[in-house]
Amino acid sequence: MRLPLVVLTGVVFLTGLAAPAHAAEHGRREEPLAATPPMGWNSWNRFGCAIDEDLIRRTADALVSSGMRDAGYDHVNIDDCWMAPERDAEGRLQADPDRFPSGIRALADYVHARGMRLGIYSSAGTRTCQGLPASLDHEEVDARTFAEWQVDYLKYDNCDNLGRPAFERYLRMGEALRATGRPIVYSICEWGENAPWEWGREVGGNLWRTTQDIKDTWDSVLGILDRQAGLEEHSGPGGWNDPDMLEVGNGGMSESEYRAHFSLWALLNAPLIAGNDVAEMSEATRRILLNRDLIAVNQDWGGMQGRRVRDDGDQEVWAKPMSDGSVTIVLLNRGDAPSTVGVRPDETGLPLASGYRLRDLWTGEETRTGTLVEAEVPVHDVVVYRIWPTE
Ligand code: GLA
């Protein structure tokens, strides 16, 4: 469970721990929710409505044993279909008694005991997208219920919204969550229909979907990617553009396409929410999801979303400034033939320097270059470099 981090400098001196610079400067500081893009797992992309409490426990265990939790994937998020078809006699949402007989609180305890957090789902409409009861006009009671269950994250969908204005609907839940006093990450799933990047923070959101649902196809990944260009300025610590959850490992794309999908989502500061069967994943899937160098790019504390800096048709270059002065670039080949993709360092935002040190974030190989960064990129694949200027 994540509690707000409050550091008192006096306490720090007494205990002899090194005070983080920010704590020393300000005396005390509360860590904002979602200071870096949330990471974790969600049931929807792989399992849809075929979920039950055993799956959630099995996945929580697998997140630990696979090393994913320790790499940062610490939210276990239950999507649609967890709730019973009717509210209880007091008007509260209740878990489906057949598939979640122990109830949501028991699952929260289970994942908290393993150092992770529990996420849940509802809709800013009368029904969820699968026709189950949802939270429109029940915001206060539902937020209280989630807080009582010790839930840490709410994904709030957009189905059955009666055509009522999005801002009001999402504000109402944002306020209800805040009123519980429990820090609950608020994930706005409004599909980008009303430019939620413009008002997501104002309603208390920590992330907001920018598009319709992802599918497990290369075309879907590219279509969503194109819609992220231009949204960069709206994303940052505490409030992130969300191009939807990962499909890595779900079987519809090639290994190189999944590598590209993951690299681009990392560069976009997307929430890295795995959507596969973690308990049964292949070694190739594990290697992608556990690429520590790319996770570090995604979680860079500066929180600057990458942007497209070259668009040469099927060949593109995306670049993200890192807080240590380096830049991470993705050389993307969208096309059906291998291709050389290149960029000048100054086009990526790097300062002019006599040379540059490059680390290939998929092979770990380090090289140097003078004036041009380029690579042969296979079909539907990427080459990713983190680049530091050298003197
Ligand atoms: C919508 C959301 C998806 C998923 C489903 C569940 O389509 O955008 O991410 O939550 O509903 O029904």
Side-chain angles (χ1 to χ4, degrees), residues 37-52 55-56 59 73 75-85 93 95-96 99-100 104 107 118-136 138 142 146 151-164 166 169-170 173 184-197 200 203 205-217 219-221 223-225 227-228 231 240-250 252 261 265 268 270-278:
M39 294 177 65
W41 172 87
N42 172 291
S43 54
W44 183 256
N45 282 356
R46 172 66 175 78
F47 295 99
C49 278
I51 57 172
D52 60 23
L55 170 72
I56 305 305
T59 303
Y73 294 89
H75 289 93
V76 182
N77 293 352
I78 312 172
D79 206 278
D80 206 343
C81 299
W82 63 266
M83 57 279 272
L93 289 173
D96 184 288
R99 289 182 292 107
F100 291 88
I104 303 301
L107 284 179
L118 190 77
I120 208 161
Y121 164 99
S122 185
S123 181
T126 54
R127 298 260 146 197
T128 73
C129 297
Q130 303 304 314
L132 290 160
S135 299
L136 187 65
H138 300 269
D142 289 356
F146 300 148
V151 162
D152 307 290
Y153 184 115
L154 173 67
K155 174 175 167 181
Y156 202 42
D157 213 338
N158 196 27
C159 275
D160 256 309
N161 60 44
L162 307 180
R164 280 160 49 179
R169 289 181 291 116
Y170 284 91
M173 181 55 89
I184 297 177
V185 173
Y186 184 24
S187 160
I188 294 174
C189 179
E190 177 269 0
W191 316 321
E193 289 189 340
N194 302 277
W197 44 88
V203 302
N206 301 111
L207 56 155
W208 39 83
R209 280 271 300 276
T210 55
T211 65
Q212 301 291 327
D213 292 8
I214 193 168
K215 296 193 200 74
D216 189 11
T217 66
D219 281 352
S220 172
V221 164
I224 290 179
L225 177 69
R227 302 193 57 169
Q228 309 315 303
L231 302 183
W240 305 99
N241 291 323
D242 175 8
D244 208 357
M245 306 174 291
L246 297 167
E247 291 282 10
V248 176
N250 282 337
H261 170 29
W265 264 230
L268 291 169
L272 295 181
I273 309 290
N276 61 317
D277 184 350
V278 178

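Every number for a ligand or one of its atoms is a count from 1 in the order of the listing. Side chains are part of it too, since the values below use all heavy atoms of this structure and drop only hydrogens, waters and symmetry mates.
When Asp79, Asn77, Asp244 are each tested for a side chain to side chain donor-acceptor pair (under 3.5 Å) with Asn42, only one passes: Asp79.
Each of Trp44, Asp79, Asp80, Tyr121, Cys129, Gln130, Lys155, Asp157, Cys189, Trp191, Arg209, Asp213 has a non-hydrogen atom positioned under 4.0 Å from some atom of ligand 1.
Shown here are the side chain to side chain contact (heavy atoms under 4.5 Å, CB included) partners of Asp277, two or more places apart in sequence or in another chain: Arg46, Phe47, Arg58, Ala279, Glu280. The side chain to side chain contact (heavy atoms under 4.5 Å, CB included) test applied to Thr211 returns Ile224, Arg227, Gln228, not counting sequence neighbours. With sequence neighbours excluded, the residues forming a side-chain hydrogen bond (donor to acceptor under 3.5 Å, both in side chains) with Asp213 are Arg209, listed by chain and number.
Side-chain contact between Asp80 and Leu132: present, with at least one pair of heavy atoms (C-beta onward) separated by less than 4.5 Å.
Between Tyr156 and Tyr170, the ring planes lie perpendicular to each other; the angle is over 60°, past the 30° to 60° tilted range.
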